[in-house]
Amino acid sequence: MKYIILLGDGMADYPLTELGGRTPLEAAKKPNIDALASSGFGGRLETIPEGMGAGSDVANLSILGYDPARYYTGRGPLEAASIGVKLSADEVAFRCNFITEKDGMIDDYSAGHITSSETEPLIKSLNESFDLGRFYSGVSYRNLFVTDTGAELTTTPPHDVLDGRVSEHLIKPSDDSDAARLNKMILDSKEILENHPVNRRRAAEGRNPANMIWLWGQGRAPSIKPFHRRYGIKGAVISAVDLIKGIGIYAGMEIVEVPNATGLIDTNWEGKAEAALKAFETVDLVYVHVEAIDEAAHAGDLRLKIHAIEEFDRRLIGPLLDGIDFHCKIAVLPDHFTPIALKTHTADPVPFIVSTLGGEGASSEGEGIKSYSEKEVTADSSLGIRPGHKFMELFLENSAT
Ligand SMILES: [Zn+2]
């Protein structure tokens, strides 16, 4: 038996008046996902433990079988792993966004999705200008800062305070000396970045400049028991996002790189399907993560969110299902809700479906789910409601479904 998890980041949503009371999942044309739902079984997962932030890192860690309350130490260390930065015991890794600051406000959490080739010289300038720690290049606006203090400070994800005042959302407590040093560096970064040729060019072209850094999601390296030791099978992760790859690395999973996987609507959808099928030559479980849907939801772009769900179905899941001629269990789910109306994540329990394809034991008739949506897949569905980190056991159980 092989296993595949198809994760549409932030796919779940609330009913919208613009859609006549439907959600984006209900409005999207997604025949492949709906076919899996109607031959399968559903339930809800609590991927965000009570009291924790509704981050993709927490939620994906949970779905991979690791209780975030026990294993999560912050987003920074996960992203450090993904770019090959190994943290020593006394080091703290912060996620470092490039943002666009305008009139004292956080205008864009991604600096117009600045490219990695543009951020490299910016990272170099930051390292030449500051000595509190070291900056490392990641992917696009998602970069890294490593220092030796600050693990306990309170930081704020910039996408949660979009259009908020910079001065109100800096690192807290503001009277802490480490926080004060880091906040000074954040504010001082503006002068260095704004005058950098990269940003002068961006501004001239009418694109958002990466004119400030934003530090958040910090922590020390987590200690995670490898996936194959925990579950007795090998797994692989396919994702364009650093932190998802980082979870895979700490879990000892294979990280499959897909050319031109961008995390956006222009991602290499077919390439991910191809890579997943190829990965089964060496592993038993493939975790395919798609970021584009969440990015559309953060932008509050309803049409783009629906389009991203449709592309996920047509260009990734379609070819993948065509290529599966072996006994395979498939799950489709988001990691968390990202309601268009809120432009940020929520901790609502996510709808998941599990179906089995090919060979003996393939589900032909499921429990009667008509299509994959928030209304059809509920806590009353046959697999009930359960903590996110209990999903993997259920999914890998041979008798289930
Ligand atoms: Zn997410």
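Every number for a ligand or one of its atoms is a count from 1 in the order of the listing. No hydrogens, no waters, no symmetry mates; every other heavy atom, side chains included, goes into these values.
- Aromatic ring orientation, Phe130 versus Phe135: tilted (interplanar angle from 30° to 60°).
- Using bins of under 30°, 30° to 60° and over 60° for the plane-to-plane angle, the ring pair Phe395/Tyr3 lands in the perpendicular bin.
- The closest donor-acceptor contact from the side chain of Thr147 to the backbone of Leu132 lies under 3.5 Å.
- Restricting Asp9 to its N/O/S atoms, the shortest distance to the Zn ion (ligand 1) is reached by OD1.
- The nearest N, O or S atom of His345 is not closer to the Zn ion (ligand 1) than 2.8 Å.
- Distances from the Zn ion (ligand 1) show that Ser56 has an N/O/S atom below 2.8 Å.
- The nearest N, O or S atom of Asp335 is closer to the Zn ion (ligand 1) than 2.8 Å.
- Between the side chains of His336 and Ser56, a donor-acceptor pair is found at a separation under 3.5 Å.
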